Amino acid sequence: MNTETASTPERSDFVRDIVAADLREGRIDSVVTRFPPEPNGYLHIGHAKSICLNFGIAGEFGGRCHLRFDDTNPLKEEQEYIDSIQEDVRWLGFDWGQHLYFASDYFEQLYDWAVLLVRDGKAYVDDLSADEIRSHRGTLTEPGSNSRWRDRGVEENLDLFARMRAGEFPNGARVLRAKIDMASGNINLRDPIMYRIVHATHPRTADAWCIYPSYDFAHGQSDAIEGVTHSICTLEFQDHRPLYDWFTANLPVPSVPHQYEFARLNLTHTVLSKRVLLRLVNEGSVRGWDDPRMPTLTGLRRRGFPAEGLRDFVAMAGVARADSVIEVEMLEHAVRDILNRNAPRRFAVLDPVKVVIDNYPEGLTEEMEVPNNPEDPDAGTRTVPFTRELWIEREDFMEDPPSKFFRLAPGREVRLRSAYFITCTDFLKDDDGRIVELHCTYDPASRGGSTPDGRRPKATLHWLSASHTIPAEVRLYDHLFTSPHPSAGGRDIFEDLNPESEVILSGCLVEPSLVSVPIGETVQFERVGYFCPDPDSAPGVLVFNRTLGLRDTWAKLQAQGRHDGA
RNA sequence: UGGGGCGUGGCCAAGCGGUAAGGCAGGGGACUUUGGAUCCCCUAUUCGCAGGUUCGAAUCCUGCCGCCCCAGCCA
């Protein structure tokens, strides 16, 4: 490795700048952040950005990051999600230590604080219906008007709020509101709702409560209770910041956190809206939340994307306040970069065609030594059996090749990787004109892939011994949506679903060592791409997912040729 | 005609008054027992537009234009 001086600039962005300045100027002693998901769905790559930001900052500045579930709405939240979120954050590579919290842990404290605001005349029970509240709220350009219940007495408010908690009223009968300013230009300040009545079972507190705090009344105070210093969220909460600050300013909170907002992650050919992801699952467009085409962390994991690649991608993309849509190619680059360095190389033939080496002894099996990863000499070598009859990729032979085609063709010599040079002498076709068998001769002096005379074929092919082969199903994946911006333009994005987002190949063949690749490990099928075993694999029935293909300049050339030739 | 934000190359993104980093994508070349990887080189006389301040502006000021978010008893 080269000797880089300490001048290597740390990754920086506006949030890290703020944290660094707060530390440097003594406004805080150490940084505390939090990742605060609502357990109402699976985490996706957009959440990965927030997770990497919050945990990343805590790690870089020697602070800590909490995992806090924002479980204030029992109608939408489930234990299943609480479990999956923890699994996904851990998989991404982060550890919250002892700092696992739930907003519901603070329900009693939050209630006490609400009572305090009522006593101070800063909150009131409103009997208006949801519709009435909406019509009193005004519009974006017109101020709202006060509820007729806005000025009722403290004692009556106290009594009513207590009875709300006691379960005396049905859902929607009353709410508790902060008394701020119905004429504010910021609609969040027009007497926001602090508590609503919801008779529902909560995944953590069960039936202990029938009133639940709103996001606005819970979030900042939860941060304050935990000593969070920097409460980092996405841009759409900017308008909530004045309210966040209003509550911490009007309540005896133990600390005063501050909120900062960044732009959420968007990717081309991808949709991250929970609503749409749910539809994809419910309408059977994909097989589930963990379908390898889903942008969920569980889906990406099943697809074979390494967590490190995701982290690198997030770092590469940066954090800013401008709305943006990142090209998926950047993600794919980050993932390939990790995989290229780490993934063991293996042989697999997706679309096999038979090769017979006429001058190779019948019945002989040689064990050829093949490097596990040319990028990493420490990965060592493995042994792959070589015999007279082999399989190669159908697309690696052309009867009548164009000038740019370097692979096997009649009369042409190519190298079989780590084995021998072979020259095609003949080929057989079936009645439909389809190639069924190639005949070749080999050069015994080329064993291992080089010859004394230094001949260098233009192509090197992967291969498999016909008598040492494991059958496999291979699932090829591509973008779920055809358009780079599926949600743009107002049309139904389901019309933009890529019909070839999943292509299932049967009759594929892989080398014997592949029977034992553990789930979660991604390998490279040499010259083909990165693949990982799918959990659908069963003894005797291997299933591989294509994580990503290799960059393919030949395919690019062919595509160009098609265009030029038009 | 309300409030809050944002506008730097195809896509991200540094830059914080001293004369446009970096990555991805794209193009060209070298090398190569993966048409992979790697390595070189090329791609903004210009920072939404127009004025102004200044010796000097992407950075400061004014005006305009464009885009995003907000009217859940969701988060």
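Since we're looking at a predicted model, the values are computed, not measured. Reminder, nothing fancy here: chain letters follow the sequence lines and each chain counts from 1.
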Please classify the nucleic acid contact of [X] as base, sugar-phosphate, or nothing, using heavy-atom distances under 4.0 Å.
| X | answer |
| --- | --- |
| Leu243(A) | nothing |
| Ala317(A) | sugar-phosphate |
| Arg551(A) | sugar-phosphate |
| Val319(A) | sugar-phosphate |
| Leu416(A) | nothing |
| Phe169(A) | nothing |
| Val198(A) | nothing |
| Lys404(A) | base |
| Ser324(A) | sugar-phosphate |
| Pro374(A) | base |
| Thr553(A) | sugar-phosphate |

>> Tell me which pairs pass salt bridge (Lys or Arg N to Asp or Glu O under 4.0 Å) where either residue lies in residues 174-186 of chain A, with sequence neighbours left out.
In response: Asp126(A)-Arg177(A), Asp127(A)-Arg174(A), Asp151(A)-Lys179(A)
>> Quick test of your reading: applying salt bridge (Lys or Arg N to Asp or Glu O under 4.0 Å), list the pairs with at least one residue in residues 36-47 of chain A, sequence neighbours left out, ordered by first then second residue.
In response: none
>> Does Arg407(A) contact rG35(B) through a side-chain donor or acceptor facing the base, at a distance under 3.5 Å?
In response: yes
> Does any N or O donor sit under 3.5 Å from an N or O acceptor when you compare the side chain of Glu526(A) with the base of rG36(B)?
Replying inline: no
Side-chain donor-acceptor pair under 3.5 Å between [X] and [Y], yes or no?
| X | Y | answer |
| --- | --- | --- |
| His462(A) | Glu526(A) | no |
| Thr381(A) | Glu369(A) | yes |
| Ser129(A) | Glu132(A) | yes |

Would you kindly give the [atom1]-to-[atom2] distance between [X] and [N], to the nearest whole Å?
| X | N | atom1 | atom2 | answer |
| --- | --- | --- | --- | --- |
| Asn373(A) | rU32(B) | CG | C1' | 15 Å |
| Phe14(A) | rC12(B) | CZ | C1' | 15 Å |
| His269(A) | rC24(B) | NE2 | P | 18 Å |
| Asn340(A) | rU32(B) | CG | P | 18 Å |
| Asp71(A) | rC74(B) | CG | P | 15 Å |
| Glu327(A) | rC12(B) | CD | P | 7 Å |

>> Using a strict heavy-atom distance below 4.0 Å, which residues from residues 170-178 of chain A are in contact with RNA chain B?
In response: Gly172(A), Val175(A)
>> Pairs counted only when both distances fall under 3.5 Å, Watson-Crick or G-U: show me the 5' to 3' dot-bracket for RNA chain B, [ ] for pseudoknotted crossings and | for other-strand partners.
In response: .(((((((.[[[..)..(...]]].(((((.......))))).....[[[[[..)....]]]]])))))).....
Nearest to side-chain heavy atoms of [X], which nucleotide of [options]:
| X | options | value |
| --- | --- | --- |
| Arg196(A) | rC73(B), rC68(B), rA25(B) | rC73(B) |
| Arg456(A) | rA13(B), rG36(B), rU32(B) | rU32(B) |
| Glu375(A) | rG23(B), rG36(B), rC74(B) | rG36(B) |
| Glu329(A) | rG26(B), rC24(B), rG7(B) | rC24(B) |
| Asp337(A) | rU38(B), rC11(B), rG27(B) | rU38(B) |

Side-chain N or O of [X] versus OP1/OP2 of [N]: is the shortest distance under 4.0 Å?
| X | N | value |
| --- | --- | --- |
| Lys274(A) | rA75(B) | no |
| Thr141(A) | rG3(B) | no |
| Arg336(A) | rG36(B) | no |
| Arg321(A) | rC6(B) | yes |
| His333(A) | rC24(B) | yes |

> On RNA chain B, nearest-nucleotide positions of Ser184(A) versus Gln524(A): which is more 5'?
Replying inline: Ser184(A)
>> Assuming nearest nucleotide by heavy-atom distance, tell me which of Arg241(A) and Asp127(A) is located more 5' along RNA chain B.
In response: Arg241(A)
>> Ring centres under 6.0 Å, that's the criterion: do Phe217(A) and Phe247(A) meet it?
In response: yes
Tell me, please, which residues at least two apart from [X] pass side-chain hydrogen bond (donor to acceptor under 3.5 Å, both in side chains).
| X | value |
| --- | --- |
| Glu25(A) | Arg27(A) |
| Arg150(A) | Asp191(A) |
| Tyr530(A) | Gln524(A) |
| Asn342(A) | none |

>> Going by salt bridge (charged side-chain N to carboxylate O under 4.0 Å, His left out), name the residues that satisfy it together with Glu78(A), two or more places apart in sequence or in a different chain.
In response: none
> How would you list, by chain and number, every residue that makes a side chain to side chain contact (heavy atoms under 4.5 Å, CB included) with Asp453(A), sequence neighbours excluded?
Replying inline: Thr451(A), Arg455(A)
At a cut-off of 3.5 Å, list every protein nitrogen or oxygen paired with a nitrogen or oxygen from nucleotides 69-72 of chain B, distance to 0.1 Å.
{"residue": "rA71(B)", "atom": "O2'", "partner": "Arg137(A)", "partner atom": "NE", "Å": "3.3"}
{"residue": "rG72(B)", "atom": "OP2", "partner": "Arg134(A)", "partner atom": "NE", "Å": "3.4"}
{"residue": "rG72(B)", "atom": "OP2", "partner": "Arg137(A)", "partner atom": "NH2", "Å": "3.2"}

If you measure from the [atom1] atom in [N] to the same atom in [M], how many Å do you get, rounded?
| N | M | atom1 | value |
| --- | --- | --- | --- |
| rG66(B) | rC49(B) | C1' | 10 Å |
| rA13(B) | rC24(B) | C1' | 11 Å |
| rC16(B) | rU59(B) | P | 12 Å |

> Is there ring stacking between Tyr215(A) and rA75(B), where the centres must be under 5.5 angstrom apart and the planes under 30 degrees?
Replying inline: no
>> According to side-chain hydrogen bond (donor to acceptor under 3.5 Å, both in side chains), does anything in residues 312-323 of chain A pair up with another residue at least two apart or in another chain? List the pairs.
In response: Gln238(A)-Arg321(A), Glu261(A)-Arg321(A)
> For rG72(B), does the glycosidic angle fall within 90° of 0 (syn) or outside that (anti)?
Replying inline: syn
> Rounded to the nearest 0.5 Å, how far apart are CG of Leu43(A) and CG of Leu300(A)?
Replying inline: 11.0 Å
> Hey, what's the ring geometry for Tyr106(A) with Tyr101(A), parallel, tilted or perpendicular (30° and 60° as the breaks)?
Replying inline: tilted
